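Structure first, commentary second.
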Number of protein chains: 2
Amino acid sequence: MPQPSAQRRGRPPRISREEIVETARRIVDAEGVGRLTMRRLATEIGSTPMALYHHVRDKDELLVLLLDDYAARMLRRPDLPPDPRERVVAVAGTIHAMLAGVPWIVEVLTADDLLSEAALWFTEQIVDGLVACGLTPDDAVRGYRTIWYYTAGEIMVRAASTRRRERDDRPTYRERVFGGIDPAELPRLSALADRWAPLTAEDTYLDGLRALVDGLVARAGTA
Amino acid sequence: MPQPSAQRRGRPPRISREEIVETARRIVDAEGVGRLTMRRLATEIGSTPMALYHHVRDKDELLVLLLDDYAARMLRRPDLPPDPRERVVAVAGTIHAMLAGVPWIVEVLTADDLLSEAALWFTEQIVDGLVACGLTPDDAVRGYRTIWYYTAGEIMVRAASTRRRERDDRPTYRERVFGGIDPAELPRLSALADRWAPLTAEDTYLDGLRALVDGLVARAGTA
DNA sequence: ACCTGAACACCGTTCAAGT
DNA sequence: ACCTGAACACCGTTCAAGT
């Protein structure tokens, strides 16, 4: 119920930032970020593109708002195991599980390697866990970044290949390339040609993560 | 010198696939993939957008052609150290060094986790190196994928943050977020707030890669 | 203060026609 | 066979005007 304040003067707003973000979220959930356009959003909201620019600076700002909105309603802090190494794995695994369903978020937030204020807790846990495993604070930050690269890469690469598979009927680049392999020159790949597709379909994120964390911790003693 | 063949009939072509790819490469090298549009390419070539569609199916196909072109002129096989673990590190490091300068390639090729025929040699070396370290062939493929996720993630995240830094003058998301940290709740991050920017600027790809490979090899004995 | 319409400067791609 | 012009169905954003 819009309640015209005695203080504020001028025309009462017909649309709000909240309504914009909410509608944007609905579009993105239903059809992906690719379908979110200022024009589409405006019609959906029953307004004009330009009205939006009165509430958000530009599309980029809208995406950041959307990000915060997702973070606020998506982030659930996992139970933390006592062992610090397992804690790092659990936290990174949770981040991965949360983001895998909404890969567009990774694209928006890659630039800054952390999600939003609500997500800093996750970063804190990983850095703290790595320190508890014996890394210096500086190395723990480096380790956190390494884990993030791996996590973001996994999500983006998988999202991209799913996207391709969905819309493309021509044989994939991969199939074309694997077809022409010379076993003399590339013996391993030629022996593995049949296994490649099923192996690629596997979800090996956690295995890779464990290997990475093991390696980071093992190197702490070395340096 | 166009030499009208006696066999081929009809209007002689005025533009060729080669010329299209070559011009596209010039644009991308000079201004980035973001600036490569069919219209722009057509004017650059002195033709119309539609003439291009006679030589390439669509923009996606053009990007793949461009990819092959880059692969052919960029790939240099590194010297391989005898130790298999070092071999994996050397090959992945070479891939990373080659791609870091042209991050758009990663975006195009993420979908298929290998570049082109010319790049299969690199995949072969990594898989073979991991097998020589004691991994089963299947695990070596999984390990290769893990390395690729990490490598692609590193390049894409770094590219995205560079992009932001270039065009944005408002304080970054990160700065805003770090400003409001509560030391009681996030002690590590608050202690590291000043170190975050310089640590993030560091190139730690190789350190992370070594940790990852160590971890992959160490787990081979476990399973 | 808030919203609108028209316009600018773009996209990728299709279609029908020209040589 | 190859190329062109005009058009379709879009983009994000700015500007000047309206209420």
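No experiment lies behind these values; they were computed from the predicted model shown. In what follows, chains are A, B, ... by sequence order, proteins preceding strands, each numbered from 1.
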**Complete:** salt bridge (Lys or Arg N to Asp or Glu O under 4.0 Å) pairs touching residues 88-103 of chain A, sequence neighbours excluded, are none
**Asked** Quick one: side-chain hydrogen bond (donor to acceptor under 3.5 Å, both in side chains) partners of B:E22, sequence neighbours excluded?
**Response** none
**Prompt:** Looking at DNA chain C, which of residues 25-38 of chain B put a heavy atom within less than 4.0 Å of it?
**Reply:** B:L36, B:T37, B:M38
**Prompt:** Where the side chain of A:Y53 is concerned, which of D:dG12, D:dA7, C:dC3 is the nearest nucleotide?
**Reply:** D:dG12
**Prompt:** Is there any ring pair (Phe, Tyr, Trp, His ring centres under 6.0 Å) pair reaching into residues 38-63 of chain B, and which pairs are they, with sequence neighbours excluded?
**Reply:** none
**Request:** Could I get the full list of side chain to side chain contact (heavy atoms under 4.5 Å, CB included) partners for B:P49, not counting sequence neighbours?
**Result:** B:R39, B:A42
**Request:** Quick one: list whatever passes ring-ring contact (aromatic ring centres under 6.0 Å, His included) with A:Y150, sequence neighbours left out.
**Result:** A:Y205
**Asked** Are the side chains of B:M38 and B:L62 in touch, meaning some heavy atoms are under 4.5 Å apart?
**Response** yes
**Request:** Check whether any side-chain nitrogen or oxygen of A:H55 sits under 4.0 Å from OP1 or OP2 of C:dC3, and answer yes or no.
**Result:** yes
Identify each atom pair where a protein N or O and an N or O of nucleotides 4-6 of chain D are less than 3.5 Å apart, giving names and distance.
residue, atom, partner, partner atom, Å
D:dT4, OP2, B:S47, OG, 3.0
D:dT4, OP2, B:T48, OG1, 3.3

**Fill in**
Winner on side-chain proximity to B:I15, out of C:dG12, C:dC3, D:dC3, is D:dC3
**Fill in**
Output row for DNA chain D, stems defined as at least 3 consecutive Watson-Crick or G-U pairs under 3.5 Å, is C:4-8 with D:12-16, C:12-16 with D:4-8
**Set of salt bridge (Lys or Arg N to Asp or Glu O under 4.0 Å) partners for B:D138, sequence neighbours left out** = A:R195
**Asked** side-chain hydrogen bond (donor to acceptor under 3.5 Å, both in side chains) with B:E19: which residues, sequence neighbours excluded?
**Response** none
**Request:** State which residues pass side chain to side chain contact (heavy atoms under 4.5 Å, CB included) with A:V141; sequence neighbours excluded, sorted by chain then number.
**Result:** B:L192, B:W196, B:L199
**Residues that A:Y70 engages under ring-ring contact (aromatic ring centres under 6.0 Å, His included), provided they are two or more places apart** = A:W104
